Q: 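Pasting a structure here, questions to come.
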Amino acid sequence: MDFRIDGVRAKFPALSLSDNGRRRIYLDNPAGTQVPQAVADAVSRCLLTTNANLGGFFETTVAAQEIVDNAHLAMTDFLGAASPREIIIGANMTTLTYHMSRTLGRTMKPGDEIILTRMDHEGNVSPWLQLAEDLGLVVRWLPFDQQSWQIDEAALAALLSERTRLVALNYASNLTGSINRVKALTGIARQAGALVYIDAVQFAPHGLIDVRDIGCDFLICSAYKFFGPHMGILWGRLDVIDALKPYKCRCSSNALPERFELGTPQIELMAGLSAAVDYFAELGAAAGEQASRRQKIAKAFEASIAYENPLAQRLIDGLSDIAGLTIHGITDPKRINERVPTVSFTVEGIVPETIVRQMNAENIFLWSGHNYAWEIVHQLGIPAEQGVVRIGIAHYNTSAEIDETLESVHRVVAMLRQERS
């Protein structure tokens, strides 16, 4: 499928920036993507022309409410939700998860069980661990399969019991890039009577999410990972969240989703959130889809996946040529559709940070460390204080950037090895 990369890159002002004449290569995308001009314009326009709190009758407050409503509608389309009442928008994924974990804790009692995975970002682990400590809940740990790099359905089924109240899963790992079979896992958990809470932060930039098809109870993502502003978005199945009593001010609204959205909303960022969703719709329209926004978003992902996957395989193949380098994740080209284009590796005898510092000095932006994949590095036996080198592709990256990055990795590793000898 034709993916017009020049047209895509032209929408992102940051991609044309340089430092002292040196180009930038953004491969830090799993930690946060760059934004299209339209997102920045929407934020600025809101602050300059519709800057007011909600609930009044004058022009700017009415316009601000429309921005808030449009953001919920946009995420309804982005996630395939049934209603904007199911969309809860807040500061970030971790804050929202802490808030929802405490709300759900009101429905649990000592001895109840929750299942956490060794594959999740810490934002979908610590809130539940601390809830368990507060309430006397039993935590069951679910490791990932180090052959498939995914959570195995049989392993989940073996942990479930009549006392399981919640299963926290991730859609895709922010370290290994592996995509879990969340629909199948959800079906197993729901059959046992457990709620399912899915962290889709790393999947959301790279694939279409359909919460109703998955069948989960909660799903959370972060706008700044899919070309939007710094916000978190939590979807909750209407019948589930409508029955919950959140922590909130006594005099604030009891309506949905307002009763879960504490304080004054980040209205200008909600404007940017709608613009980010519309950016995907524009990509879908450029790829030939002219129907609903949801259908345009689906087409955008179809096109971007077809573009991203060859870049990811190009990166994997080039890294695999380096002796002593281990990629922690799926490398089989036949399974490229089972991962997002986030590739992490270690090199025998070399601390990841030393590689990253050298490459950062060349204006190739990437990360080292555990990247909050705390349980993954421990299961793999990787020193948490060192972690991995992580390279994350977004659909605005190019094959030339991947080639330049590979050349840098090869050269830096060779140089560091020479310094050691």
Side-chain angles (χ1 to χ4, degrees), residues 54-55 65-109 112-115 124 127-128 131 134-135 137 163-169 171 182-183 185-187 189-200 204 209-223 231-266 270 273-274 277 294:
L54 305 179
Q65 184 63 60
E66 184 177 357
I67 289 171
V68 171
D69 293 343
N70 285 342
H72 289 82
L73 285 168
M75 287 308 301
T76 300
D77 288 343
F78 191 78
L79 298 176
S83 165
R85 296 174 69 209
E86 298 178 320
I87 302 297
I88 300 163
I89 302 175
N92 51 63
M93 174 270 186
T94 303
T95 299
L96 283 171
T97 301
Y98 267 105
H99 180 42
M100 188 53 69
S101 70
R102 269 52 195 169
T103 298
L104 287 169
R106 287 178 149 174
T107 70
M108 300 178 187
K109 60 184 182 300
D112 285 349
E113 298 178 1
I114 58 176
I115 295 176
N124 201 27
W128 309 111
L131 180 71
D134 291 345
L135 299 183
L137 308 179
R163 304 212 67 170
T164 307
R165 297 292 172 260
L166 179 128
V167 177
L169 298 168
Y171 208 136
V182 291
K183 183 177 180 178
L185 293 166
T186 294
R190 289 287 304 279
Q191 197 167 33
L195 295 171
V196 178
Y197 191 100
I198 294 177
D199 170 7
I209 296 170
D210 190 333
V211 290
R212 285 182 282 180
D213 182 61
I214 294 168
C216 55
D217 300 283
F218 302 93
L219 184 141
I220 194 160
C221 57
S222 298
M231 307 195 80
I233 304 95
L234 173 63
W235 169 85
R237 191 156 52 86
L238 188 59
D239 61 324
V240 175
I241 60 172
D242 198 28
L244 293 175
K245 181 183 177 182
Y247 290 89
K248 69 175 193 67
C249 296
R250 292 175 299 171
C251 52
S252 59
S253 173
N254 285 310
L256 286 175
E258 289 87 349
R259 71 174 183 250
F260 290 97
E261 297 180 342
L262 305 182
T264 301
Q266 300 155 292
M270 289 188 179
L273 175 60
S274 294
V277 173
R294 174 67 177 173

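Just so it is clear, the model here is predicted, and its values are computed rather than measured. Starting from 1, each residue takes its place in the sequence as its number.
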Q: What closest approach, in Å, do Ile89 and Met231 show between heavy atoms, and which atom pair accounts for it?
A: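 Heavy atoms only, the tightest pair is CG2-CE, 3.3 Å.
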
Q: Any chance you could measure Cys221, atom SG, to Leu79, atom CG, to the nearest 0.5 Å?
A: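 Taking SG in Cys221 and CG in Leu79, the distance rounds to 5.0 Å.
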
Q: Using a 3.5 Å distance criterion without hydrogens, assess whether the side chain of Arg212 forms a donor-acceptor pair with backbone atoms of Ala81.
A: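 Here the side-chain-to-backbone pair exists.
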
Q: Is any side-chain heavy atom of Thr103 less than 4.5 Å from a side-chain heavy atom of Phe260?
A: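 Thr103 reaches Phe260 side chain to side chain.
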
Q: Donor-acceptor pair, Arg85 side chain versus Ala255 backbone, under 3.5 Å?
A: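 Not confirmed, Arg85 side chain does not pair with Ala255 backbone.
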
Q: Please round to the nearest 0.5 Å and tell me the distance separating atom CZ of Arg106 and atom NZ of Lys245.
A: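 NZ of Lys245 is found 5.0 Å from CZ of Arg106.
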
Q: I'd like to know if the side chain of Arg165 and the backbone of Met108 have a donor-acceptor N/O pair within less than 3.5 Å.
A: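 Absent.
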
Q: What distance do Asp242 atom CG and Leu256 atom CG have between them, rounded to the nearest 0.5 Å?
A: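 That separation rounds to 5.0 Å.
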
Q: Per the side chain to side chain contact (heavy atoms under 4.5 Å, CB included) rule, which among Ile209, Ile220, Thr186 passes with Ile198?
A: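 Only one option passes, and that is Thr186.
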
Q: Could you check if a side-chain atom of Ile87 sits within less than 4.5 angstrom of a side-chain atom of Trp235, using non-hydrogen atoms only?
A: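 Of all side-chain heavy-atom pairs linking Trp235 with Ile87, at least one is under 4.5 Å.
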
Q: Should Arg190 and Val167 be marked as a side chain to side chain contact (heavy atoms under 4.5 Å, CB included) after you check the CA-CA gap, both sets of side-chain angles, and the distance that decides it?
A: CA-CA 9 Å; Arg190 289 287 304 279; Val167 177; over 6 Å; no

Q: Could you tell me which non-hydrogen atom of Gly90 sits nearest to which non-hydrogen atom of Gln266, and how far apart they are?
A: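 Heavy atoms of Gly90 and Gln266 come nearest at O-OE1, 3.6 Å.
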
Q: Is there side-chain contact between Leu273 and Ile233, with at least one heavy-atom pair below 4.5 Å?
A: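 When only atoms from C-beta onward are counted, Ile233 and Leu273 do touch, with a gap below 4.5 Å.
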
Q: Does any part of the side chain of His99, heavy atoms only, come nearer than 4.5 Å to the side chain of Thr95, both counted from C-beta?
A: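 SC-SC contact between Thr95 and His99 ruled out.
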
Q: Spell out, as yes or no, whether a donor-acceptor pair under 3.5 Å connects the side chain of Ser274 to the backbone of Ala71.
A: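 Looks like yes, one N/O pair under 3.5 Å.
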
Q: Looking at Leu135 and Gly105, what are the two nearest heavy atoms and their distance?
A: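 Taking Leu135 first and Gly105 second, the nearest heavy atoms are CD1-O, 3.4 Å.
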
Q: Output yes when a side-chain donor or acceptor of Arg237 lies under 3.5 Å from a complementary backbone atom of Phe218, and no otherwise.
A: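 It does not hold such a pair.
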
Q: Any heavy-atom pair between the side chains of Leu137 and Trp128 that's under 4.5 Å?
A: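 Trp128 does not reach Leu137 side chain to side chain.
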
Q: Taking the side chain as every heavy atom from C-beta outward, state whether Arg259 and Ile241 have any pair of such atoms under 4.5 Å apart.
A: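 Arg259 does not reach Ile241 side chain to side chain.
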
Q: Quick check: does any side chain N or O of Asp217 sit under 3.5 Å from a backbone N or O of Tyr197, one acting as donor and the other as acceptor?
A: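 No; judged by distance alone, with no hydrogens or angles, the pair does not exist.
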
Q: Taking side-chain hydrogen bond (donor to acceptor under 3.5 Å, both in side chains) as the test, write out the residues that go with Gln65, two or more places apart.
A: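 In terms of side-chain hydrogen bond (donor to acceptor under 3.5 Å, both in side chains), with neighbours along the sequence ignored, Gln65 is linked to Asp69.
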
Q: Roughly how far apart are Leu166 CG and Thr107 OG1, rounded to 0.5 Å?
A: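 One gets 8.5 Å once the value is rounded to the nearest 0.5 Å.
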
Q: Strictly distance-based, threshold 3.5 Å: is any side-chain N or O of Asp112 a donor or acceptor partner for the main-chain N or O of Lys109?
A: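 At least one qualifying donor-acceptor pair exists.
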
Q: Are side-chain heavy atoms of Ile88 and Met75 found at a separation under 4.5 Å?
A: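 Side-chain contact under 4.5 Å: no.
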
Q: Under the salt bridge (charged side-chain N to carboxylate O under 4.0 Å, His left out) rule, collect the residues that match up with Arg102, sequence neighbours excluded.
A: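 Testing Arg102 for salt bridge (charged side-chain N to carboxylate O under 4.0 Å, His left out), a comparison that skips the adjacent residues, returns Asp134.
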
Q: Applying side chain to side chain contact (heavy atoms under 4.5 Å, CB included) to Leu96 and Met100, what does each step give before you reach the verdict?
A: CA-CA 6 Å; Leu96 283 171; Met100 188 53 69; over 6 Å; no

Q: Is any side-chain heavy atom of Arg294 closer than 4.5 Å to one of Thr76?
A: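 Sidechains of Arg294 and Thr76: no contact.
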
Q: Taking Tyr98's backbone N and O only, do any of them form a donor-acceptor pair with Ser101's side chain (distance below 3.5 Å, no angle check)?
A: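 Yes: the side chain of Ser101 pairs with the backbone of Tyr98.
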
